Every structure is written in structure tokens, then in C-alpha cells.
Number of protein chains: 2
Amino acid sequence: MASQSSTQIRRALHLAQTGAALEPGSAGIVQLRTECSACNLRELCAPCCGLNQSERNVAKRLVFKRMRLRRGESLYRTGDHFTSIYAVRKGFFKSVLLLENGHRAQVIGFSMQGEVLGLDGIGAGQHNCNAIAVEESEICAIPFAGLQLLAHEIPSLQRHVRRMMSREIVREQGVMLLLGNMNAEERLAVFLLNLSRRYAAQGYSPSEFDVRMTRDEIGSYIGANLETVSRTFSKFQKDGLLRVRHKSIRILDGAGLEGVAGR
Amino acid sequence: MASQSSTQIRRALHLAQTGAALEPGSAGIVQLRTECSACNLRELCAPCCGLNQSERNVAKRLVFKRMRLRRGESLYRTGDHFTSIYAVRKGFFKSVLLLENGHRAQVIGFSMQGEVLGLDGIGAGQHNCNAIAVEESEICAIPFAGLQLLAHEIPSLQRHVRRMMSREIVREQGVMLLLGNMNAEERLAVFLLNLSRRYAAQGYSPSEFDVRMTRDEIGSYIGANLETVSRTFSKFQKDGLLRVRHKSIRILDGAGLEGVAGR
DNA sequence: CGCTATCTTGAGTAGCGTCAAGTCATGTGG
DNA sequence: CCACATGACTTGACGCTACTCAAGATAGCG
């Protein structure tokens, strides 16, 4: 069923890109047409950010397509033809890498509201992982070919794309450090502090938030199993660092948590 | 002393970029001026690869600078101002990420002959890790600003830069999978098969090669300690998969090794 | 209200890290 | 050319962290 809905989404995207009509609301997917200049995320949105007014006018030519996805639905899958990068307008996604035998899988990243998804496809022309909604989410698809045409006229846009890619490289380097060098407590602490910082960047409280993903998904990301994640949450609570009530997290001692994270 | 020689290299690079003269052979560093078209690595070299003749003529404007580094010398260090990307002409480099407290370090990648180094600096304008020669090495510095000017005229070059960055993202995703999901044997097997493939890509034997790095450096990269690396080498030898004689490796049973790697 | 997914906690174990001792290779200076 | 020092590697013993298996608690959903 996950595969089926993914197919529908891909079809929707294809239709959106070719400009063909789509039945609204089919399979719970709503597709909207918006101009960049009307996008209420344009302050956050990668390709618009940092443009001056005249550049924004040029950017109007780039028509974005919005879509909604429910928990478990795929935005794209490994091997899908790369056409767009995606700005997350609302919700949460996980990027899952599958081993060739398909037996093992690992979450290699989470993308939240205001962040960009799908850069891994630029090189090979096809996506290298599965992007799956962790909760009810809404994205804005940015056709990459159009983005490149624009970037040729707007150098700052070209720079912006490069900067996003470079940031992704640096982010992944940090995860490699986490996975290669840290124990379970340090990993979870780093994970929580990172989440906290990202919520803060979106204007939410850095000390009180929900983890939208399951213990299993967190564990997959930080290289531990779900029991270890759960135990470590409990230990942090016992030590007075957090208050954990299922998905709801309150950071009680940020400095203490940073101490555990080893900074 | 490592820090001192690094300073010298940075000074050399600065001089090279400003065009000032440099005493040849000082501190064992030799700096050479070469045009791209004369570079005998141009088939491998990232920015030249994939250009047609007329584009190559344009590319002649881009003057590269070559340098030699001895084992342990830094090509760049965390926080260094980003000016160039580097093509490895000869030798081997490791990229080392330092934790903020400077106490822990991890090798996050190795770059061999024919590969490119330094892409992590593009976004922030400064390097995010230390690039250190693992053996006597020679690199070709490609000034990034010049590369970008050229890329504006040669779209395929722009694409090429993007592709390199995207490949780096995908490579790091693979390392994350390795570090998050595999045991020591699987990690070492994956590491060796990857090395084998890269040696083959450079025209060397895929089944018989030297590991240029120490057990400690391998361990840091694959998230194990040096004893575990050594023990696993011994086990692979006992199982008839490899013949290991210190740094010299011969793969006796590639299929068996792939089996261990879990593919 | 019951079913299912998710989470928590416990007990036992295995893999890998730590500590330690010894071997081997490389390089340096007499 | 040899002696010695140093760095790199190997192997063993032991202990701890985190995984596995299992059972029960809790939340969310139809």
C-alpha cells in the first residue's frame, strides 16, 4: 500500500510537471499551483531566499507545485527519476537508505518544515534514497531544470544551490562523527540538541517539542535499536535532563544535555 | 610541527594564488604552475573531464597550481578560508573531522589519486575538516572563483561541479549506512571492496594493493579501534578471503568478501 | 471498547573496546 | 653496516556497552 500511494504521488508529480490536470483530493493527495512570489514560505524557501526584488520577478517564471502527504507515504523512492527538489512546508520526512539486498534499511536524515529535500538526486539523475512522510506533511516541488535555467541568470541562486548541497555534505559529516565515535547517550543527546536548534530556527520552542518520529526511527538514525533509545530517554529523565512523556519532550537541563553530548 | 608545516603550506598556497614567487623545495614543498591543457591527469581531472575542444580552450584561462606534500602534512585545516578544490594527482589523503573540544577526531574519508578534495568548504566559505596526506602526495589546486567564472560560460562545467558535490553526498550516505548498521567484519569488507574498486578505476589491480593508511586510520574511518581492525584482517586471512602482509593486501576470494559485506 | 502499534523495562549474552605484552618494520645515527 | 629507538602491528585476557529476546504497559484509532 505504501508502494501504491507512492506510485500515485509520482503520477501526480508527473502530471504537475507536464501541466496536465489532476483530480483534486484523489488518494488524499492535494496538488496546488502557486507562484514563488505568493508562497508564504518564501522567507524560508531555498531558491527565493536571498533574492532582491528584480530577481524575484524573474523567479516568478518558476512555478512550484504543492502536495500533501500522509504518514507513511513516499515523496520519492530510490531509483526514481530526479526532476525536482522539495521544500518542506509543513510536517516531517525521513530519508531511508536501503541496502542492495533490501534486507536492511537505515534512516539517514530527517527533514522538517523549512528544510530542503532531494539534493542527493542531482548527480546521478535519480534519487538515492526513499523520502517518506513521518506525519501529515506538505511540500513544495521545485522543478530542478527550471531552477537551473533561472540560476543561469541569477548568480546568487546558483550560489544558493551550491550552498545547500555543501551544507548537506557538512551535515552528513556530522552524522558520520556521531555514528563512528559516540556511545548511545551521546548520540541521543546530540540528536535532541539538533532537533531543538531546528525547532528554534522555525520559531518554535527549543525546550519543549514533540519528536514526530518513533523510537525505532530515531534508533535507526542514530545507530541504536529502539530499546536502547527508550532506555536512554528514561535515563535522561531520571538524571533530570529531560521530561519525557511519550513523544512529548521538554528539555529541563540544556547545559547538562550538552555536557552529555560531549561539547 | 605538523601545525608548522601546515602553516607553510597555507602560505605556499596563498603565494601561489597571488602569483608571488616561492622558493622551490622549501620545507619539502614544491609548487608548480601548469595549465589545465598540459595537465597529464586531464582525463581524470574533475573540471576538465567532459569538456569538448573549444571548451578546453576556454578552460586554459584557468591556471592550476600543483604542490607536493609529505606524510602528515596538511593540505588544509578546519576553519581555513576556502579558495580552491583539489585534485589528487598522486598519493593518498585522509579527511579528519575534529570534535569541538578537539579531543576526539574521526577520519571521514580517504581521497586517492584521481579524486577530488575540499568540496565541503563551498557552502560556508571555509573548510570543515582537516585534509592530511597519508603518504607522499601531489595535488592540483583549482581556484574555485575562477572555476565559477568559467562555469558561467560552460554549462557542462557547472553540471560537473554539481555532480561532484552530489556524488559526495551519496558517498557519505553509504558511510552512514556502514557505520549505523554493520558489524566490524562487514565494515572492513565494505572498506576493502571499495578500495579495490577505486584502485581498479585508476588502472591498478583490484585484487592486489597496499593499504596506505595505518590500522588506526582505517579503524577511525570504519568506526572500530585498531585492534579490532587487526583482528578482523587476521580472521579474513584465516578464512582464506585475503592474504595480509602488513600493508600489502591480496584479495583471494572477492565473492566471499562480498558475502561478508552482506550484498 | 477492543485492536494494534508503540513504548517501557528486565534478563541474558555477544561483540567489541580497553589494557597489556610482545613482535615486526622502518629510520636514524654512530 | 649495525645498534638502537620508534612507530606500527598482532594477539590475548577481561569487562562493559548495547543487542536480542521477552513480557507487559500505554496510546491511538476505528
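Chain letters run A, B, ... following the sequence lines, proteins first and then strands; every chain starts at 1. Worth saying up front: this structure is predicted, and the values here are computed from it rather than measured.
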C/dG17, C/dA25, D/dT11: which one has an atom nearest the side-chain heavy atoms of B/T228?
-> C/dG17
Given atom CG of A/L188 and atom C1' of D/dA18, what is their separation to the nearest angstrom?
-> 14 Å
In whole angstrom, what separates B/L179's CG from C/dC16's C1'?
-> 15 Å
Could you list by number each residue of residues 209-218 of chain A showing a heavy-atom separation from DNA chain D of less than 4.0 Å, or answer none if no residue does?
-> none
Nearest whole angstrom, please: distance from the C1' of D/dA27 to the CZ of A/R71.
-> 14 Å
Calculate the interatomic distance between B/E135 atom CD and C/dG27 atom P; express it in whole Å.
-> 13 Å
Ring centres under 6.0 angstrom apart (B/F93, B/Y86) | no
Audit row: B/E115, B/R171, salt bridge (Lys or Arg N to Asp or Glu O under 4.0 Å) steps and yes/no | CA-CA 13 Å; B/E115 296 174 346; B/R171 183 194 73 81; over 6 Å; no
Contact class for A/R187 (heavy atom, under 4.0 Å): base, sugar-phosphate, or nothing?
-> nothing
Could you check which of C/dC16, D/dT10, D/dC19 has an atom nearest any side-chain atom of B/N183?
-> C/dC16
Proximity to the side chain of B/K247 - top-ranked nucleotide from D/dC9, D/dT10, D/dA27 | D/dC9
Determine the sole option in B/E73, B/E138, B/E135 for which the salt bridge (Lys or Arg N to Asp or Glu O under 4.0 Å) test with B/R68 is passed.
-> B/E138
Tell me whether the centres of the aromatic rings in B/Y221 and B/F110 are closer together than 6.0 Å.
-> yes
Could you tell me the separation between the NE2 atom of B/H246 and the P atom of C/dT23, rounded to a whole number of Å?
-> 14 Å
Take atom CZ of A/F233 and atom P of C/dT8, then tell me their distance rounded to the nearest Å.
-> 8 Å
Residues B/E208 and B/R243 bridged, charged N to O under 4.0 Å | yes
Walk me through it: do B/Q173 and A/D120 pass the test side chain to side chain donor-acceptor pair (under 3.5 Å)?
-> CA-CA 9 Å; B/Q173 288 178 352; A/D120 62 290; 4.7 Å; no
When only distance counts, do a donor and an acceptor, one from the side chain of A/E227 and one from the base of D/dC21, lie under 3.5 Å apart?
-> yes
Are any of A/S230's side-chain N or O atoms less than 4.0 Å away from OP1 or OP2 of C/dT6?
-> no
Whole angstrom is fine here: how far is it from CZ in B/R245 over to P in D/dA8?
-> 22 Å
When we call it a touch if two heavy atoms are under 4.0 Å apart, what does B/G223 touch: a base, just sugar-phosphate, or nothing?
-> sugar-phosphate
Of the listed D/dT20, C/dT8, C/dG17, the closest approach to the B/N225 side chain comes from C/dG17
Side-chain-base donor-acceptor pair under 3.5 Å for B/R231 and C/dG15 | no
note: B/K235, atom NZ; D/dT10, atom P; distance rounded to Å ~ 16 Å
Over 60° means perpendicular and under 30° means parallel, so classify the ring planes of B/F92 and B/Y199, tilted if in between.
-> tilted
